[in-house]
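Side chains are part of it too, since the values below use all heavy atoms of this structure and drop only hydrogens, waters and symmetry mates. In the text below, chain A, chain B and the rest are named by the order of the sequence lines, each starting its count at 1.
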Number of protein chains: 2
Amino acid sequence: MNKDFIYKQVYQDLKGSILSGQYKTGQKLPSENELKTIYKTTRVTIRQAFDELIKEGFIYKEHGKGTFVKSETRSLGLLSFKGFSEVVGEEYNAHSKVIIQPQVRRFPTPFFYELSPTEVKYGCVYLERLRFADETPVMLEQTYLPNIEVISSPNNLSRIDSLTEDTLIGGSLFKTLHTKFSIEVIGLEQAIKAIESEKYTANFLKMKTKKPLLYIERRYLTSRSSFYIYSTLYCNTDKYAISSSF
Amino acid sequence: MNKDFIYKQVYQDLKGSILSGQYKTGQKLPSENELKTIYKTTRVTIRQAFDELIKEGFIYKEHGKGTFVKSETRSLGLLSFKGFSEVVGEEYNAHSKVIIQPQVRRFPTPFFYELSPTEVKYGCVYLERLRFADETPVMLEQTYLPNIEVISSPNNLSRIDSLTEDTLIGGSLFKTLHTKFSIEVIGLEQAIKAIESEKYTANFLKMKTKKPLLYIERRYLTSRSSFYIYSTLYCNTDKYAISSSF
DNA sequence: CAAAACTACTTGTATATACAAGTTATCTAT
DNA sequence: ATAGATAACTTGTATATACAAGTAGTTTTG
């Protein structure tokens, strides 16, 4: 699939070998010079493949020593951009409840992220979901999807607000975006703070007001450049901490 | 300071110009060809500088269009496993103060991570550091290094507790571990919570007690398998949020 | 007038090469 | 035997160059 470029080929080969266990944790990979000979290319190209793998946390380098496989714990907990059910559902009995069904709104001002004029102009589809782990409410997520034009089917323009008409596929927003609009979430930026719970959040998360709450502002990056999804998250971390690893 | 390499120089110049507002959000940077002429270097070197700035979220590229300044987020990328000074020091005037010099202790019980019998037996070297960004105390870090045997120089066994004898190289624990024991930190696992500040933590972080505090439990992975470094972090996120991206 | 072609500019991928700097093991002189 | 030099390996930085591919504006063509 990604065979167009040499560095992508090298990248995929190495990634495959790591994931299939051919190269094990801590093991040294072939040196840049060896790989350059194998692939009949140059060190620059091999380094390009290495850079990708480093960025994704598969390998690391040590100057003068070599390049090594990182530990296989690449699961990223809730700090990753994977959907909630995808990450948490593997371990706990996780489910969500839609508090506010998708509805068209204007973006609040001020917004926690700088918006483009287009985003402001078209407004957003807003929805609010409460997340549970083992029957305990752990997270309140408020999501803003810019109401831009998307191609839902060939020669058929529509807007994100067609989301409001049906429920989320399998309870998953990401899956719905993929199926309906073939939009993929490819990354995220986030800022994390500790704040005090207020009436609204405390009520949903079954906690007292003025108690510590993990607050996260997110911007999801998608395959459709310049289409971002925004979320604010309120997490009750009393029982369930948020985890990640690199 | 980082003048040894051309790409570092370009990197610092551009970063400075962005932070000082000379290049504003969304603005187009000079093209790679223009910069290559200005700095009397090659595109490859300019691209290396750009890559760093992309990784740190200062700029982004659009194929065929150019390179642009991202919106400023003003937050600390502390969720990565890079050392504090390494991540924060590039952007802010960051420094640390050692509150408790490295000293040999037993591991507290219960400990936030399950320890191996060996780790418990040998105890740990404990140290406590307060981290500043622009003169504001933002983070209190308590670190536990298992006091295992390490090879400091050929045929010379010693323990981590030889750390207690001298100060940290360049104020950096990671650099000291690298130089003295050739131990590299290659990753981390962490759990994040929101808690209330107590007297001790509130005092150092110049905040009131019972106020929200970001609390992080960490286990750093090193190139020496089965040697982990443990840390607990208390972050005042009032002024500086913690950020990350994938 | 509108579509197509062209042009100039941008970043993306690639080759070929060189030397610097860190690591490791071996060899050598004391 | 031990310390120091050396050699062979690794990744890091750098030069010089070429063509591909995406973007945007201008010119040509129908």
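- The outermost nucleotides of DNA chain C lying under 4.0 Å from heavy atoms of chain A, listed 5' to 3', are C:dT13 to C:dT24.
- Within residues 41-53 of chain A, the residues approaching DNA chain D are A:Arg43, A:Arg47, by heavy-atom distance under 4.0 Å.
- Residues B:Lys65 and A:Lys65 both approach DNA chain C. Their nearest nucleotides, taken by heavy-atom distance, put B:Lys65 toward the 5′ side.
- Remark: B:Thr118 pairs with no residue by the side chain to side chain donor-acceptor pair (under 3.5 Å) rule, at least two apart or across chains.
- A side chain to side chain donor-acceptor pair (under 3.5 Å) with A:Ser231 holds for exactly one of A:Glu217, A:Glu141, A:Arg218; it is A:Glu141.
- Geometrically, B:Lys8 does not engage B:Phe5 in a cation-pi contact defined by less than 6.0 Å to the ring centre and at most 45° from the axis.
- D:dT10 atom C1' lies 10 Å from atom CD of A:Glu34, rounded to whole Å.
- Along DNA chain C, the nucleotide nearest A:Glu62 and the nucleotide nearest B:Pro30 are compared for position; the residue whose nucleotide lies closer to the 5' end is B:Pro30.
- For A:Lys36, the salt bridge (charged side-chain N to carboxylate O under 4.0 Å, His left out) test picks out no residue, with sequence neighbours left out.
- The shortest distance between side-chain heavy atoms of A:Leu29 and A:Phe68 does not fall below 4.5 Å.
- Judged as a salt bridge (charged side-chain N to carboxylate O under 4.0 Å, His left out), and not counting sequence neighbours, the contacts of B:Lys65 are B:Glu62.
- Under the ring pair (Phe, Tyr, Trp, His ring centres under 6.0 Å) criterion, B:Phe111 pairs with B:Phe107, B:Tyr144, B:Tyr230, sequence neighbours left out.
- B:Asp13 places none of its side-chain heavy atoms less than 4.5 Å from the side chain of B:Val10.
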